[in-house]
Each structure stands twice: as C-alpha cells, then as structure tokens.
Colleague: 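Let me give you the structure first, and then I'll get to my questions.
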Amino acid sequence: MPDSARTDSPAPAPALRWPSDGLTAIPDWVYTSPEIYEREIERIFKGRTWNFVALEAEIPEPGCFKRSFVGATPVVVARDLKGTVHVFENRCAHRGAELCRPQLGKSTEIVCPYHQWTYDLAGNLTAVPFRRGIKNEGGMPKDFRLEDHGLLQLKVTTRHGVVFASFCRDMESFEDYVGPEILKDFDAVFAGRRLRILGYYRNTVPANWKMYHENLKDPYHATLLHAFLVSFGLLVAGNKSAMIVDPTGRHGTMASAKPPDRPQVDAESKTQMRAFSDTLRLADPKFLDFVREFDSPWSVTMQTIWPNLIVQRELNTLGVRQIVPRGPNEFLMIWTMFGYEGDSEEMTRHRLRQGNLMGPAGFLGIEDNEAMRFVQQGIVRSESDTSVVALGGTEEGTSQHLITEAAIRSMYRHYREVMGL
Amino acid sequence: MPDSARTDSPAPAPALRWPSDGLTAIPDWVYTSPEIYEREIERIFKGRTWNFVALEAEIPEPGCFKRSFVGATPVVVARDLKGTVHVFENRCAHRGAELCRPQLGKSTEIVCPYHQWTYDLAGNLTAVPFRRGIKNEGGMPKDFRLEDHGLLQLKVTTRHGVVFASFCRDMESFEDYVGPEILKDFDAVFAGRRLRILGYYRNTVPANWKMYHENLKDPYHATLLHAFLVSFGLLVAGNKSAMIVDPTGRHGTMASAKPPDRPQVDAESKTQMRAFSDTLRLADPKFLDFVREFDSPWSVTMQTIWPNLIVQRELNTLGVRQIVPRGPNEFLMIWTMFGYEGDSEEMTRHRLRQGNLMGPAGFLGIEDNEAMRFVQQGIVRSESDTSVVALGGTEEGTSQHLITEAAIRSMYRHYREVMGL
Amino acid sequence: MPDSARTDSPAPAPALRWPSDGLTAIPDWVYTSPEIYEREIERIFKGRTWNFVALEAEIPEPGCFKRSFVGATPVVVARDLKGTVHVFENRCAHRGAELCRPQLGKSTEIVCPYHQWTYDLAGNLTAVPFRRGIKNEGGMPKDFRLEDHGLLQLKVTTRHGVVFASFCRDMESFEDYVGPEILKDFDAVFAGRRLRILGYYRNTVPANWKMYHENLKDPYHATLLHAFLVSFGLLVAGNKSAMIVDPTGRHGTMASAKPPDRPQVDAESKTQMRAFSDTLRLADPKFLDFVREFDSPWSVTMQTIWPNLIVQRELNTLGVRQIVPRGPNEFLMIWTMFGYEGDSEEMTRHRLRQGNLMGPAGFLGIEDNEAMRFVQQGIVRSESDTSVVALGGTEEGTSQHLITEAAIRSMYRHYREVMGL
Amino acid sequence: MPEGARAGGTDLRALRWEIEEFNTDYAAVLDAGRVADWPDFFTEDAIYRITGRENWDAKLPVGLIYCEGMGMLRDRALAIARTTMFAPRYLLHQISNTRVHSVDTAGTIAADANYALFETLVDERTTLQQVGRYHDRFVREGGRLRLKERHCVYDSVIIDTALIYPV
Amino acid sequence: MPEGARAGGTDLRALRWEIEEFNTDYAAVLDAGRVADWPDFFTEDAIYRITGRENWDAKLPVGLIYCEGMGMLRDRALAIARTTMFAPRYLLHQISNTRVHSVDTAGTIAADANYALFETLVDERTTLQQVGRYHDRFVREGGRLRLKERHCVYDSVIIDTALIYPV
Amino acid sequence: MPEGARAGGTDLRALRWEIEEFNTDYAAVLDAGRVADWPDFFTEDAIYRITGRENWDAKLPVGLIYCEGMGMLRDRALAIARTTMFAPRYLLHQISNTRVHSVDTAGTIAADANYALFETLVDERTTLQQVGRYHDRFVREGGRLRLKERHCVYDSVIIDTALIYPV
Ligand code: FES
Ligand code: FES
Ligand code: FES
Ligand SMILES: [Fe+3]
Ligand SMILES: [Fe+3]
Ligand SMILES: [Fe+3]
C-alpha cells in the first residue's frame, strides 16, 4: 500500500453528492470514503446479495469445514454429518472469540479455545462446560437455553458445487439473482463435471474493491494493457467478443473467441494498440493452446458475480476469485484454481502451465493489479476529484464490441440505487 | 496485530447505549470505540486512580530514574538526592520534547537534548541556557520564572517498595484505594522482604486493555484453557480456591491452593475439562515444586489492581505486570520479574525455571495472549455486537468457586459508574 | 515513527482555539490535528504559495521529466520540446491512475499505462486509443474534446534554474513572494553559475512538517544542540550572525560568518553550552575548510522558503531540501545536493566530504531529526498541551543575535492569518 | 534426530560451497534486474515453480509461476523484460541456511536453502516481499551446476499486489 | 582491534563450517514444526534461554524460555507439540554471521551467530518475529556437536503477542 | 551467462571464507556499538561511502556518509561515540551472498555481499533500517585483510529519520 495512503490523515468526510453528469463521471469518494465503505458493508455485503464462500470440492466430506468471509466478516463453511452445508459467523457466542483457526479442517464439532463452548457443524451451541456448575455452585442460570446462543447462521445456497451465503433472510434464488445470461456461462464451467482443486493464491491489492469489478467490466483495457492478450489474440479488437451485462447491471461476463491462430488485426487497430506486436513470439507457444472442452462459443469468459466473486475461464485455466474488502483502500483476493476430476496428468499440467497468465504473478494479473494500485494512488493523492467513464457515450448494458465502458455505467446505476446515492 | 485491525476503516461511532440486560451482556464498543478509549484515558488513567509506575528496587539509589507510563502518558520516575521518589511527565516544558530517553539511568539532573533546559530529579526547572541572553541581547523575558515552568508533577505514593502515581490531586491513600481484602495478598508478596529484580519482558497484545483484567477475573477460563493448570492441579475445579473482589468491584485476587500432589478431580469434572489429562507427565516435575515462603493459605494469587497493575504470585515465580494502553485495539505489557534479596542461588534458579509458566512465552501466558487476540479479532470483524457474561447468573463480588463471571460483572458495575455509561 | 503514534487512536478533534498568550505559546494541535492538516493543504500548499518542485539541472534537455510533489499532491515537472518547463498533476484524466512512474525520465509524451491515453509534455491530452471506436462501434462521444481532458496544470515560475509551481491562478512573482532580503542570499547560491547535481537523499521524519521550518528559524538550538557547530565555530554565540525574516514572517535566512579559525567564545558562554568543547579536535580538519566562493558576508546561510523549500549553503556543501507533508505526524524530505559546473575534481570532493555535516546521516542532520522526533512524541503522548516560545520576549522579525525565537513567532503570525486561527 | 550428521561428509560440504556460490550468482542476476540471464541457471527440461506453503504442504500442484522447460523460462524472462507493465522497483535476496541432502547415483543433488526477498518500490519503504525456501535438484552439465528443479515455497501466504520477477 | 585475525586459523574455520551445518539443521527442525526433535540438539545438562538484550546487557538472569537440562527441554517441546493452545503459523529462520571464538582445553567451543526469525500467521502478512544473536557453547559427543548452552539474545525488545516455539 | 563458473576456483573460494569472517567481525563491532573500533577495518587511504541505489545507478557521487581516509573515518567514529545526540538503539546486521569477483595483479580483491540492517529503538518494534549491498575492494596488510573501498549501496531509498551508525 503506498506510504502516503498509510500515513496520510483521513480525508475529511466529503459531501457525498453524485456529480451532475450522471454515470459518465465517477466521484473519487466512492473509492476512498470510510463512510461509504461502511454503508457498502451494510447494504451490499450484508444486504440482498449472494456472497461466494466456498467450493463444495473444498469440503468434500461430512465434517469438513473451511474459514471464509462474507464481505469483511469471517465465517465458517461446514458440511454437517448428514452432508448439508452450513455457513455461520466465526465468532463465539460467549465472549466473542474468533474460534475457528485453521483455513481448512475436519471435525465433528467446533470448540472455542477460550472456554470450550462447543458447537455442532451447523453452528448450534451443544455444550457449555460446567453449565450446571460444580456441586451446585456456579454455572449458567437455570433459564439459559443452548438454542438461544448458537453462532449467527447465514442463508446458504449452492449451484453445481459452488456455495453462496447471505445475511438476507428472504433472498431470492441464486438463479433469479444472477439471471439466465450470466447463468449460461457460469454453468458452462460448473455443470456436469466435478472439480479438482489445484491450489490457492492469496494477494492484497491496495485499491478499492469495486475497481476489481470495473477492471473486468472494462474490455477496453484488455485490448490495450495486456500485450499477451493482444499479441496472441486471446482478447483483441477483431476477435468475436462481447461484454454481457445482466438486467440489473451488477453482474457481467467478458467473453471472447480466440481464432485458431494469430488474430487478423487490421492496420488501423494495430496503430491504436501500443501493446500489439506482430513479431512477439513465444519460445513455447503450446502454453497458449486452447483445448475445446466447454459447451460455449467463447474461449475466454471472465464473470463478475456481484458482489464478491469472479469466475475465471481463460482458455483452459480455471478458477474462482473471492473479493474480501478491507476498508476503502485495500482488498484481499483469494484465488482457488481448479480442474476437473478425470483430467489426464497432461491436461492438469496444461492448466498449470496456462496458469502463468493469471494470479498475482500472471502475465495479465500483474498488469491489472499494478494498474488498480496506480488508480487508487492517483485518487487518494490528487487534487482532481472525478474520473471519466464516457467510452460508448451513455449506452449501458450488454455490448458486442470492446470499445465501451457501458458495463461500468450499468454497475454504478445499480450501485447508486442500493446505496441511495 | 491482525491485518484486519490494521487495514479496516474505523467503524462509525456506535450509539454508546448499554444493552438492557445489565451486566450479563457487554457491548462490543467498550473494546473498540476510539471515543470510549479517550474517555477511559481521561476518567480512569488520569482520573481517581493509583497507577503503578515502578518498583523502588529499580531505582535503589539517589539519582536513579526510570521511564514509565501512566495510562498512555510517558512519565519519569526519579529518586532525588534526598531519596524521595518523584513522578513527572516526560515532556519538556519548552517545546515539548520527550526528553528522557534511556529506560533506566542515574544522574543528578535531567537535561533536554534539544535546547538543554535542565530539570532536577523532582521535575523542577533549574536552568535555561542563555536565559539572560548574551551581552544583554535576547534571552528569556525578565518576568520568566523557572518555578512556573517545571515538568508536570504527579502525586506519588509507595507501599512496601511499590510505587504508584496519580494525576488526581486529592487521591485517597493507597490502602483505602485497594481495601483490606486486596491489601492482604498484596502484602504477602511485598511486606518485609526486599526485592531483587530478575529481569524484564515486554510484549504487546492486539486486544483491548480491559480484557487483561477480565482474563484474571475469570477463573472459569483458568480451569478450562490451561492444560498445565488443570493437569498439574495448580488451579483446577476441586482445589480450594476463590475469586476475591474488593467492595468497589475494580480490584481482584484470583487465588488457589495447590494440593501437595496431583489434584483429586472427580470424574464428572474431568469430562467437563478437555484440557485435563491424567496421563500428562513432566520429564522434570521439580519445576512445579512449591516452596512455601508466604504467610498465606494460597499457593497462587493473581491480583488485578485497577487500572494498570497485575501482581503475579504463581507458586514461587513472582512479578508485576504493567498495562500500557495503546488505543482501543492494543496494549503493551511490561513485566518485571523478581525474587527476594537473600534468595539462594538455587532458589533464584527455581524462580527462573518456574518462570516458564508465565510471560509471552509461558505455558499459560501464550494461551491467554492468544485467547485475547482471538476475542478482539472476533469483536472487530463480526456482525454480532455483544458478549455474554452470565456465568453465576447475576451474582457479583467475591466467590469461593471457579465457575462464575461475578468478578467481571463487578468490574463493569464500577466501570459504568466512572465512565457514565 | 513511534509505535504510539502508529497505534494510538486519533485524538478527539480539539477545540481549535489559540491560547491567549498570543505567539509565545503554541498549541499542540497545530502539530497533531488532522483537521488542521487538511486546512494547511488547502490554504497553504494549494493556496497562495510558490512550491519548490525541481532544479532545471535535473531536467536539462527537452523531453526530460521528473516526478515531484506540491504539498502531498504528486505532480510531474516536464520540459517540453521547445524547452519550456511545465508542471501538472500526476493523475490520468481518464480513470485517475498515477500515470508517471519513474523518478526521472526522458520522452516525447507521457502515456498512461492503463488505457494508454497520451499526453504531451505540457499535460495536454493528445490521443485516446480507439477514440472513434472500431468500425463505427464504441469510442468516445462525438462531443468529446481532447482539450477538455488534459492533466490539471499548475502555474510555473523559475529563478536562476530553480523551478516553483502554484495551484494559485493569480500568483504574484516569485521575487515579490520572497522579497529582497531573502532573494539576496538565494541569488548568492543560484545566480550566474549552472548547477551540477551530485545526488539525492530521501528520508522521513516522524514529526509535523512545520517543525522543520521552526528548527531552521531557531538559532538558539544551533548554538546548543550541535557540538560540531559550536566547537568548530560554524555557528556559535560570538560569531557574527543573524536570523533574517522577510516582512510577511514566512521566509527566513539563518546566517553566520565563521571566523578564520576556532571561535572566540567567552568563558560565560562556554558555561552555557554543554555541547562546547575546547579540546574536541578533528583528525582531518580540512573537511571543515571554507573555500570562499560566494558574494556574501556569510559562510553559512540556511534559508526557509515557505512552505516547502530549504536552501542549504553550509560552507561549501550546497543543496535544496523539499518538504513533502504526509499527514500531521510525518513528512518526507527530499534532498538534492549539488555543486557547480566547472568545479574541479578536488572541489567536488571537498563538497562531498563536507556533506557529512548534513543529511539524515549528517553530524547536524542526525541531531535535528532526532530532536524533532522527540518533540512530536512528547506532543502526541503527553498531557500538557502547549509549548513556550518566549525567547526574546515578544519581539518578532529579523534579529542580529542567536538567543531568540522571534522568527518562529513571525512565522506563526503569518500562519494564523492564512489559517484563520 | 537432527540431520547434522548426514551433512558431515566432506563431499556434501564441498557441494554446499558450490551451491552457495551458485545461489549467490543466481540472486545477483535477479537483484540486478538481468532477468534475461535467469534461464541460464536451469537445464533444458527444468521445472521452476513458486508456490505457497499451504499448497506445498497439501501437495497441491499450482504455482504462482509454473515453468516446464527452457521455453517457458525464456518466455517468462522475455515477458518481464519487455512486455509486462509494472512499476519500477529494486529487489534484494538474502539466501542462507543452505543444505545438501543427498546425491543420487545419477549425480542429481537434492538441496534446499532459505531466502528472504526484500522489495523496494522507488518511492516507498522497503518491504519484505516474501520469505521461503528453495527446494532444489541440481545436476552437473559441463562441469557447471544447473537447476533441474527449483520449487520456491513461500511462507508469506499473502502476496502484496503482485510478484513481478522470479524468486 | 577487529577480531578477524582471531578467527583466521584453519581449525576455527572448519568448526565454523560444522556449526553452520548444525544451525541449518537446527533451524530446519524448528521451521518444519518438528519441535519434538528439537531437544536432540542439546546435551543432557544443557542450558537454553531466550532473553532480551536489555536483560543480557544488565546481566539479569530471566528468560522468556529458561530450560535447565534435557527434562525441561523435553517438557517444553511436549507442551508446545501437544497441550498448548495457539493459532497455526509458519516460521522461518535466517542464520548468518556465524563466528567461532575459541575452543578451551575441555573442547568446549564458544561461538555465536545472528538470526532473524520470520513468523507468518496463516491469514496475515509475514512479520519479523525477532532478530537476535545466539551465544553458544558446543561440545562434541560421539563425534557430533551438541549445545551445552544456547542463549538467544533478541534485540526486538517488544514481543508481539506471544512467542510460541523455541528460537 | 551466470558468473558461477568464475567463482569456482579454490583461491577465490578461500578468499570468500576469509571475507565472510572479516564481514562477521565487522558487523559484530558495529552491532556491539563499538564504533571506535570500526576504522581499524580500513586502510589509511580508504574510501567509505553509503549511498542510495538511485545515486549508484546514475553514477552520482554523493554519500550519506562519505569518508576519504583514516582521519575522516576516525572523526566519524568519534562524533558518533562522543558528541552526537540521538536516541539509544540496537543494531543487527545479517550479511550474506558474499561474492569474490577477482584479484588484480596488485592483489586488490574485488568483492561484494548483501546486507540487511535491523534497528530497534529501545521502546519500539524492530524495523528494517535498510537492505543493500557492499561493493568492496580489499587489500592485504600484514597478513590481514583491510578495506581499501567500501561502498554501501542501499535499496531502501527512504531513510527513516536518521542513519546514526556506519553500515
Ligand atoms: S469465548 Fe468462546 S468459550 Fe468463552
Ligand atoms: S524542547 Fe526541551 S529544551 Fe527546548
Ligand atoms: S486511467 Fe489512464 S488511460 Fe485509463
Ligand atoms: Fe486485465
Ligand atoms: Fe489464564
Ligand atoms: Fe540544527
């Protein structure tokens, strides 16, 4: 995180008035205000949203549990002995200890280390040591009922092995929440095949969490910033591509179809793309091979599922990314990379090799994370106070080309509604 | 300190309204609110309290001085040339420099490094360089009186070689402040024998300072969390023990009498204590030997002297712990371990060996510090907002058994009065 | 930065009322209040001031650019292809990225890494990739005018190769801004000779930025704190010296004339100066030689040019220091050390040897930085709340002797006016 | 029991010296930003991987960087040296606790070493980019040691923003 | 005058190599969390102590950990391995600047070395747990070096929360 | 290509051992605060300089500390030991990655090494004061190595408050 951000005093609460130019100007304070951040936690992460918490493949058997987050709130995702998945707060009902410590584990119960109050895998309080005291001395009051002191339990849903949780008591179904346009490419990754976890990355980004959504709703940057994408035609002006937005504007799918070999980029486009190089060649091109394995016209789909999930299908490298906000100026990314059960040894290695594209050390990942850091620095430290989102004019929603910021505007239309801005 | 605590934005000032269930529910904001913290500094540490600052054995001779703290405020404890102990702020009266730098020292005066204003060991300003200027040019105004510009001096008292200070001008005597119940076990450690300093530990705990008091007013955890205590019978359900509370509720003594050998723990209790193990055996049991040397029925007394002192008598390992708050989410612990003048070489080594129980690397100390860290994390990061202190119902004050939180309730009764909550 | 400063919660906003004793008492909150800091940024660094940003010697040729700061705001200083120097905000007009990354560079344009919006060396937007979209799809709106989206440009002035910038649109000339008294010694360093950059130091100081000005408007400390200055007569009671203040009170020059050899210090003064030693001798005295090369009666002039520049002429070691505030409790110092074109190899090495006096490892620099750290610690952590600036009574402005704080009072008279305090 | 004894033999000790020198040169090339020279420390069929200890302990195969063979090593070097966008920075390695475990009949040397990697962005404070351990297999080619396998296993679970250069 | 000369002799140098290897194995056991194997590095009557430099300089005898003899070493190892409650973490030692001072007639070797200990809680950033110096006395038992005394003297006056494992 | 080969010769290796021991003694003197003994590691005409990597890379000659010859070394030592005002602190060096480049006909040895310098103010947490590299020239005087040139080039562009002791 930039020193300045660390050492500067908190800016005085800005007047939270949205600029008049509607959605083509974004005020800096949505990225920096602690007040806005607190409201986001309440209205978005703890509001009417489905938050990604785990893949079922991470907790395959009864008794398996995992630490996770909903927004910034630590939770535990556990599979009870009957196989049902539960999500509850990682906070003891007694004095408040964050009781579950390992990232992953397996057990028949969850015991708080401090005074050993004991919970089942649904988060129900099952035992309080010396509840009746000793020799009729002490212990909990007669009217103390275990069932009144369980861990705060969240609503849970799963789709094809992906687990979501919500603080909202009357959430609509996940299917209604994301809508058919998004569900289609989501299912292309998850339906019908069981996942095999290949491993984790974790990294922080010193930027506001919304920038990660914007980055993946911004096909314009993809064709300019990423030399790899453009030079090798993974996502480039000229490819068949689309930026799909759901009707509410909050979810998205950036999609592109890679041509069999080097892309046909017209001379005009080349001059526009500094990152483009005809001569750039790989010593080992096979790592960019695309093994067709999905029922989809797209070779790449990057899905942003509001508010905290990214589903990555970049050729054959697959993963989910969980966004954990940590205040307005930083977020944590947890990447879970996977393949499928039954992948051949060679296919697994192909996925691993292709993994070099993504993650905090990926050819693309490095550039996106650095770019977001630069933006937060610019916003925190500068005198100016808005940014411009005018590409594609004021159009919103899905578009079939790359040179637009329509999806970002759609997201902020939804955001302003929910946030009352 | 947990990352979250470092990077999360400050929570919005909570409505500081105490929950209706009186003392059986503690609101999270007493542990996290900057506003509450500031009020604690004013009303508690700078209010009507005696704050531990030093042991006389640390400044044995005229001219000896020590850096210390009252609350979060740096002070100097000095013994003047007549032998009297003084406590004054470690802030130069000129431009405000924290002038005394070494932790311990010996001198006839204290000189500020910046412009060398000079103070005696009571904190009185004795010299200002070029006070009269040079050749009648410059210097301090004619009406500048040294006696108006001394260091801020605190009220001081000592009991059996333990030094306390107060910002309160009309403090009652230390004896009246702590009361006879507490004084008894205090004197058992300090009366009649001169101390020999064995050394220091310093550690931070990423938790609210009050949790340290609560931990030592919570005999329930002692018999559950600490395998060493329970398995070797230092403090365990079944021992003769007591949680003594003074009439005001702010001070306490957790006391236990260790049986000659392994404790008689009834089958019922064993089942309640996960930490208990019959089979746990020490390769070198002598480090738990108790050499009877105190005029007291107790083998262990842990005293919490409000607001910043713990007196540790754990078998034969002795020490004082000073709590230095550093905001709502962290405190510094300064441990001064000691024996007595005239201890044999073997007795000193026995104390040192037994020291493995306590301190930030002690078998017990590790567990308490970790537990407090977990609680602060849970409270800072979770959605829930109160903790439950219902053990022993609503009873308060001294109790003769371990399965109660009465002493914690007593402390919060006093706290709410002083804090106006 | 002291732990306390890192971990203490923000003090509650103090009542910003200046103490009654006028300028002889400075309230702590001018050094610690985030609210005051924000006002300083607005009214001082972004107000009617000339802020140092670069030396022309750092960007000697067309296309050369340098990252710099105005207050805490990152800017770029660039020399366009016609040779004109421009200063503009280092924040992209598109999404706000801090676009210029290297400390120094040379180029014909400045390209934002994120979406490659391109600017000329005056900060004008010259190109937006795919501005017209592709095949009439997307791109910027028809009414998008490049000239409306340049980087925020500041007003620029130079004097003898020193570059200043201002957010103020109708700034007076630099000459009027500093006034003749200050200009005289400024020109003694810069007029007529071209600079040769010898290198950079960068350091933070965990103190309020104003303390650096006060330190250099405080000749009293110079003759007490710095054994080197007094023992070798660089600046000592008895030398011909002056503390020059401009009519507004904001700028200053601390000046002293070193006698040919050891100073004549009267017995009385010696007793006042603990740091003075007759016997202190250098094994290699030549590093204190003074080669007369300036049209000035002074061997030492330290100039404080409000709000962010210090011009150092300490015998033959020369440099400028840029103050970059980072909140109330820390500032960054950027030192650019230089000699003159045509310096002989030996003269350059003489300057380098003499450089041991200054900088964060300099015999004087160490002491000043440590002293300022001590003051901020004292102010942040203590109970007292003002400091005393009574040396020389209430006199203000220029004085011919060292035992006065008149220049500090002059600075705060100006400061209170501008800040409305 | 401790493994000191195992490393007592003269041969292993001489190998340790050689590997220390190898690692010193390896670090010097990276610390100087000469990433294009970095592949020369590996064999044609080398495996290079950087992964977190959580993956290593759980035998999960993923890598932040995962290269099979010289081609991928050169492509990584090329990308970082020429095409990738990132802010300028300085890197410095401290490599210590070098240990030689064994030499098999084919002459493959199993060794490990601890590293601390310090990163300095040109206008910020130095940070600890990561600490970890090299798990290595060396072979000798034409008298020179080359890495047949290097797994950089980092303790520092959470990467700050991005890992640009190989470790 | 500098002590370089004193360490010039071949014998001391060979001892340095042996002690470097000992310390590398010692650190590897702790970094792997194999605390139960840690006592094997010591003699039956060994003294092991961790203390702050303020105590060491003032000759104050207290220790954060203070073990006299194998029994106490084993009890510490057992407690950490089996009974003590603490959050999971990774540790990594960097040991350098190893120096052999002397060998007395009884064959006791006086040596020291600097260490930096990095700690990573599984969901937080790596922190510098402490830096310090080992003040050691080694003896040879059955051809192997063993520690008769190890005083870990840390500069890092303020411990963060808790020190779980031996250093 | 990597420089491993260049450092393969026995002579250079023996020099490395000697320089490691020199640097260990050098660090021990500074870590013990015995700054008055520090000049003894240098020749009469030695150059000692501490400078940031930005200056080193741009060939800018300035030094945070810049000493020409024994006189200036002694004056620096004296000032720090006796006259300069600063808060008490502990320092600890970790020196690693020692490398010997060459020995010229005059017997001057070109070498470098990486250092990490940890600083602890007596009431604060340990901080990383700076990391950097020693660029050295050694000569042998009366059998002992001495520094004819030591340029301490630090990555850590931004110094925290003040650098008191030589590095
Ligand atoms: S805090 Fe969990 S049992 Fe007491
Ligand atoms: S600040 Fe203490 S003498 Fe000036
Ligand atoms: S942010 Fe600079 S071009 Fe988009
Ligand atoms: Fe991208
Ligand atoms: Fe306890
Ligand atoms: Fe000064």
Side-chain angles (χ1 to χ4, degrees), chain B residues 1-4 6-7 103-104 197-207 225-228 231 275 277 280-288 319 330 332-339 348-349 351-356 359-374 377, chain E residues 39 44-45 47-80 82-89 120-127 129-130 152-154 156-167:
Chain B
M1 200 151 149
D3 259 351
S4 66
R6 261 204 253 91
T7 59
Q103 299 286 36
L104 289 165
I197 304 297
L198 298 179
Y200 298 91
Y201 315 142
R202 298 169 198 273
N203 69 278
T204 48
V205 178
L225 172 59
H226 301 306
F228 254 74
S231 301
S277 159
L280 190 59
R281 287 276 177 275
L282 291 176
D284 185 348
K286 76 173 175 307
F287 106 96
L288 286 184
E330 180 176 285
L332 172 67
M333 293 288 302
I334 304 172
W335 306 59
T336 308
M337 309 304 292
F338 55 81
T348 297
R349 286 170 53 200
R351 297 192 200 279
L352 296 174
R353 289 191 299 263
Q354 224 159 51
N356 284 288
F363 296 124
L364 279 57
I366 286 171
E367 294 174 322
D368 287 321
N369 290 4
E370 284 287 272
M372 284 181 270
R373 182 166 71 85
F374 297 171
Q377 277 184 317
Chain E
E44 274 303 316
D45 62 346
I47 301 284
Y48 176 78
R49 177 182 166 218
I50 305 174
T51 200
R53 193 155 157 181
E54 67 180 327
N55 296 321
W56 179 261
D57 292 348
K59 305 212 172 347
L60 293 169
V62 87
L64 277 184
I65 297 182
Y66 177 94
C67 297
E68 290 181 351
M70 188 53 71
M72 291 187 74
L73 290 163
R74 294 208 183 289
D75 290 335
R76 169 66 63 165
L78 177 85
I80 298 308
R82 299 242 241 92
T83 73
T84 310
M85 187 286 288
F86 55 88
R89 68 201 60 213
T120 310
L121 291 156
V122 295
D123 52 0
E124 295 176 26
R125 293 198 197 287
T126 297
T127 59
Q129 212 274 1
Q130 61 173 243
C152 313
V153 179
Y154 58 91
S156 310
V157 186
I158 298 174
I159 300 287
D160 181 355
T161 312
L163 177 78
I164 313 290
Y165 293 94
V167 169

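Below, each value reflects all heavy atoms present in this structure, side chains not excepted, and no hydrogens, waters or symmetry copies. Below, read A as the first sequence line, B as the second, and so on, with proteins coming before strands; counting in each chain starts at 1.
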Colleague: Does the ring of E/Tyr66 carry B/Arg349 above it, NZ/CZ under 6.0 angstrom from centre and within 45° of its axis?
Modeller: no
Colleague: Flag the one option from B/Pro360, B/Ala207, B/Ala371 with the top tally of heavy-atom pairs under 4.5 Å to chain E.
Modeller: B/Pro360
Colleague: What part of B/Leu225 gets within 4.5 angstrom of chain E, counting heavy atoms only: side chain, backbone, both, or neither?
Modeller: side chain
Colleague: If we define contacts as heavy-atom pairs under 4.5 Å, which of B/Gly362, B/Gly355, B/Ala361 has the most with chain E?
Modeller: B/Ala361
Colleague: Is any side-chain N of the basic residue among E/Glu68 and B/Lys286 closer than 4.0 Å to the acidic one's carboxylate O?
Modeller: no
Colleague: Check whether any side-chain N or O of B/Glu370 sits under 3.5 Å from a backbone N or O of E/Ala87 as a donor-acceptor pair, and report yes or no.
Modeller: yes
Colleague: Kindly give the heavy-atom pair with the smallest separation between B/Phe363 and E/Ala79, and that separation in Å.
Modeller: CE2-CB, 3.4 Å
Colleague: Please confirm whether the backbone N or O of B/Ala283 pairs with a side-chain atom of E/Asp75, one donor and one acceptor, at under 3.5 Å?
Modeller: yes
Colleague: E/Ile80, E/Leu73, E/Val157: which one forms the most heavy-atom pairs within less than 4.5 Å of chain B?
Modeller: E/Val157
Colleague: For the pair B/Asn356 (side chain) and E/Cys67 (backbone), establish whether a donor and an acceptor sit closer than 3.5 Å, ignoring hydrogens and angles.
Modeller: no
Colleague: Please find the pair of heavy atoms, one from B/Phe374 and one from E/Phe86, that lie closest to each other, and give the distance.
Modeller: CZ-C, 4.5 Å
Colleague: Would you say that E/Ile158 contacts B/Leu332 through its side chain, given a criterion of any heavy-atom pair below 4.5 Å between the two side chains?
Modeller: yes
Colleague: So B/Arg373 and E/Leu121, do their side chains get closer than 4.5 Å, heavy atoms only?
Modeller: yes
Colleague: With a 4.5 angstrom heavy-atom cut-off, could you sort out which part of E/Leu78 is near chain B: side chain, backbone, both or neither?
Modeller: side chain
Colleague: Heavy-atom distance under 4.5 Å to chain E: side chain of B/Ala227, backbone, both or neither?
Modeller: side chain
Colleague: Can you tell which part of B/Tyr200 gets under 4.5 Å to a heavy atom of chain E, answering side chain, backbone, both or neither?
Modeller: both
Colleague: Just verifying a value: how many Å separate B/Leu198 CG and E/Leu60 CG, rounded to the nearest 0.5 Å?
Modeller: 7.5 Å
Colleague: Which members of residues 47-58 of chain E, sorted by number, sit under 4.5 angstrom from chain B on a heavy-atom basis?
Modeller: E/Glu54, E/Asn55
Colleague: Given 3.5 Å as the limit, does a donor-acceptor pair link the side chain of B/Asn369 with the main chain of E/Thr161, or not?
Modeller: yes
Colleague: Hey, are the side chains of B/Leu352 and E/Val62 touching, using non-hydrogen atoms and a 4.5 Å cut-off?
Modeller: yes
Colleague: Could you give the distance from CE (E/Met85) to CG (B/Leu364), rounded to the nearest 0.5 Å?
Modeller: 11.0 Å
Colleague: May I ask you to test the B/Thr204-E/Ile159 pair for a side-chain heavy-atom distance under 4.5 Å?
Modeller: no
